[in-house]
Amino acid sequence: VNKSEEDYLLLHLKPRHPSGTEDASLQAVFVCGDPNEPNTLTQEVQGEYGYLSRDSINRISDYLKLPSSKVFGVATFYNQFKLNAPGRIQIQICRGTACHVKGSLNLLDALTTALGIEVGQTTRDGMFSLETVACLGCCSIAPAMMVNGRFFGRLDKKSVEELVEKFRAAGGVEGASGAEAGEGAQA
């Protein structure tokens, strides 16, 4: 745990009464009234750091006086939680019907090969992370992917490989000029 994460956890895991006084009986303030539901607190920590570290899970469980397995169970049950630090470049491949029919599985295969990782993983250098999503809502440009909030569509294996190389060379999405590789359209 880095120093800023530790400071954040100490600050936000300290139970407080609305008047500003500390009160250990008010831990429910952080969990929507149910001290046995760690969901809200895990969302807050992930919102701050982008993922839930093992140490964060242990601190949350200590704070809520719950076994860490319960907090881990919540973190692994909901797709919104990540247990690995995301890459600086976060790639999401659409697996919705239109994208599937137009070949998004081929794009996914090209990405796992080009990046050397599987879905849900981050490259060793911390540059890329890869995930699939049920639908990006941009069916008219299928198959599509979203990279750090930017949509890319009408992609094929070659254009995806070119995008990865442009992102690598630029050190990020913002610096990659001409990122609409091949016939790919940016929405």
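Position 1 is the first residue of the sequence, and the numbers go up from there. Values reported hereafter were calculated over all heavy atoms of this structure, with side chains retained and with hydrogens, waters and symmetry mates removed.
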Engineer: Might you point out which heavy atoms bring Gln80 and Gln46 nearest each other, and give the distance in Å?
Structural biologist: O-NE2, 2.6 Å
Engineer: Would the distance check show the side chain of Asn148 and the main-chain N or O of Arg88 forming a donor-acceptor pair, the cut-off being under 3.5 Å?
Structural biologist: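 A pair under 3.5 Å: yes.
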Engineer: With side chains defined as the heavy atoms from C-beta onward, is the minimum distance between Arg168 and Leu115 less than 4.5 Å?
Structural biologist: yes
Engineer: If I take atom CD1 from residue Ile93 and atom OG1 from residue Thr132, how far apart are they, to the nearest 0.5 angstrom?
Structural biologist: 9.0 Å
Engineer: Any idea which heavy atoms bring Gln92 and Glu131 closest together, and the distance?
Structural biologist: NE2-OE2, 2.9 Å
Engineer: Measuring from Ser68:OG to Ile60:CD1, what's the distance to the nearest 0.5 Å?
Structural biologist: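 Between Ser68 OG and Ile60 CD1, I get 11.0 Å after rounding to 0.5 Å.
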Engineer: Side-chain contact, heavy-atom cut-off 4.5 Å: Met145 with Leu107?
Structural biologist: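 They are not in side-chain contact.
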Engineer: For the residue pair Ser159 and Asp156, confirm or rule out a side-chain donor-acceptor distance under 3.5 Å.
Structural biologist: yes
Engineer: Test Leu111 against Phe128 for side-chain contact (heavy atoms from CB on, under 4.5 Å), laying out the working first.
Structural biologist: CA-CA 10 Å; Leu111 282 166; Phe128 294 95; over 6 Å; no
Engineer: Please name the pair of heavy atoms, one in Phe151 and one in Cys138, separated by the smallest distance, quoted to 0.1 Å.
Structural biologist: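 Looking at all heavy atoms of both residues, the closest pair is CD2-SG, 3.7 Å.
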Engineer: Is Glu161 paired with Lys158 through a side-chain N to carboxylate O contact shorter than 4.0 Å?
Structural biologist: no
Engineer: Would you mind writing out the side-chain donor-acceptor pairs for residues 99-106 within the sub-3.5 Å range, not counting sequence neighbours?
Structural biologist:
{"from": "His100", "atom 1": "ND1", "to": "Arg95", "atom 2": "NH1", "distance (Å)": "3.2"}
{"from": "His100", "atom 1": "ND1", "to": "Arg95", "atom 2": "NH2", "distance (Å)": "3.2"}
{"from": "Ser104", "atom 1": "OG", "to": "Cys94", "atom 2": "O", "distance (Å)": "3.1"}
{"from": "Ser104", "atom 1": "OG", "to": "Arg95", "atom 2": "NH1", "distance (Å)": "2.7"}
{"from": "Ser104", "atom 1": "OG", "to": "Cys99", "atom 2": "O", "distance (Å)": "3.4"}

Engineer: Shortest non-hydrogen contact from Phe81 to Ala75?
Structural biologist: CB-O, 3.3 Å
Engineer: Which atom pair, heavy atoms only, marks the closest approach of Phe167 to Ile89?
Structural biologist: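 Shortest heavy-atom separation between Phe167 and Ile89 comes out as CB-CD1, 3.7 Å.
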Engineer: What is the minimum heavy-atom distance between Gln90 and Ser129, and which atoms define it?
Structural biologist: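 Looks like CG-OG, 3.4 Å.
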Engineer: Take Ile117 and Thr122, measure what side-chain contact (heavy atoms from CB on, under 4.5 Å) needs, and give me the verdict at the end.
Structural biologist: CA-CA 7 Å; Ile117 59 173; Thr122 300; 5.7 Å; no
Engineer: Just do the side-chain contact (heavy atoms from CB on, under 4.5 Å) check on Leu163 and Leu155 with the steps written out, would you?
Structural biologist: CA-CA 10 Å; Leu163 279 170; Leu155 299 168; 4.0 Å; yes
Engineer: Could you give the distance from CG (Leu108) to OG1 (Thr113), rounded to the nearest 0.5 Å?
Structural biologist: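 It is 9.5 Å, given to the nearest 0.5 Å.
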Engineer: Looking at Thr42, Val45, Leu52, which hits side chain to side chain contact (heavy atoms under 4.5 Å, CB included) with Ile57?
Structural biologist: Leu52
Engineer: If we ignore angles and hydrogens, is there a donor and acceptor under 3.5 Å between the side chains of Asp125 and Thr123?
Structural biologist: yes
